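First comes the structure, then the notes that go with it.
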Amino acid sequence: MTDRELIQAAEEASKNAYAPYSGFAVGAALECTDGTVFTGCSVETAVYGCALCAEQAAVAEAVGGGKRSFRRIAIVSPSGKEYSMPCGSCRQMLSEFSPEMEVLAVRGDGRYVSYALDELLFHSYNRDNLQR
Ligand code: THU
């Protein structure tokens with residue numbers, strides 16, 4: 001799948017976002033190393049702190065589908081003037097499974113930038129840090 005196709009899948013997913021409070025709909029498309037793609041959208045609630053990011057929704061779909069190894073993720077907010085970077089929690093969630101995966105952060109106009117996740121979450125906290 002091309003970058004552009006993955007971005008289109010993220011744009012499509014963003015159409016289902018539930019964002020009545022921020023008005024900022026987000027969609028994500030997560031490509032596994034076996035080529036399968038899972039999507040997710042942001043979900044908000046009246047308790048503002050209780051919201052689900054699109055990336056984490058996509059990870060939950062993938063893990064629920066038996067996949068734990070990811071190659072790329074595209075993240076987009078169609079109304080976004082800036083590149084849709086993954087928040088800190090999403091970086092941690094993605095890093096749990098694939099710390100070196102590629103992140104495509106997309107703007108509403110379709111332009112995008114690409115990063116390795118370990119650039120965005122340098123010296124991550126991981127299972128090794130739990131050793132006693
Ligand atoms: N959001 C995401 O879906 N992913 C992120 O990485 C950051 C933020 C959503 C959550 C909330 O619904 C809206 O964007 C504004 O923060």
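When a ligand or atom number is given, it counts from 1 through the structure's own listing order. This structure is a prediction, so every number in the text was calculated from the model and none was measured. What you see below is based on every heavy atom in this structure, not just the backbone, and it leaves out hydrogens, waters and symmetry mates.
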Give every pair made of an N or O atom of ligand 1 and a protein N or O atom lying under 3.5 Å apart, one pair per line with both atom names and the distance to 0.1 Å, or write 'none'.
unit_1	atom_1	unit_2	atom_2	d
ligand 1	3 (O)	Ala54	N	2.9
ligand 1	4 (N)	Glu55	OE1	2.8
ligand 1	6 (O)	Glu55	OE1	3.4
ligand 1	6 (O)	Glu55	OE2	2.7
ligand 1	6 (O)	Cys87	N	2.9
ligand 1	12 (O)	Glu44	OE2	2.6

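Listed by first and then second residue, the side-chain hydrogen bond (donor to acceptor under 3.5 Å, both in side chains) pairs involving residues 114-132 are Glu102-Ser114 (not counting sequence neighbours). Counting only residues at least two apart or on different chains, no salt bridge (Lys or Arg N to Asp or Glu O under 4.0 Å) pair has a member in residues 41-63. Sorted by first and then second residue, the salt bridge (Lys or Arg N to Asp or Glu O under 4.0 Å) pairs involving residues 69-93 (not counting sequence neighbours) are Asp3-Arg72, Glu31-Arg71, Glu31-Arg72.
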Open item on the list: Under the criterion side-chain contact (heavy atoms from CB on, under 4.5 Å), I'd like the reasoning laid out for Val59 against Leu94: C-alpha separation, chi angles, the key distance, then a yes or no.
Closed with: CA-CA 7 Å; Val59 169; Leu94 292 164; 3.6 Å; yes

TODO: Just do the side-chain contact (heavy atoms from CB on, under 4.5 Å) check on Val26 and Ile75 with the steps written out, would you?
DONE: CA-CA 7 Å; Val26 184; Ile75 310 154; 3.9 Å; yes

Open item on the list: Test side-chain contact (heavy atoms from CB on, under 4.5 Å) on Cys87 and Cys53; report intermediate values, then the result.
Closed with: CA-CA 9 Å; Cys87 77; Cys53 288; 3.9 Å; yes

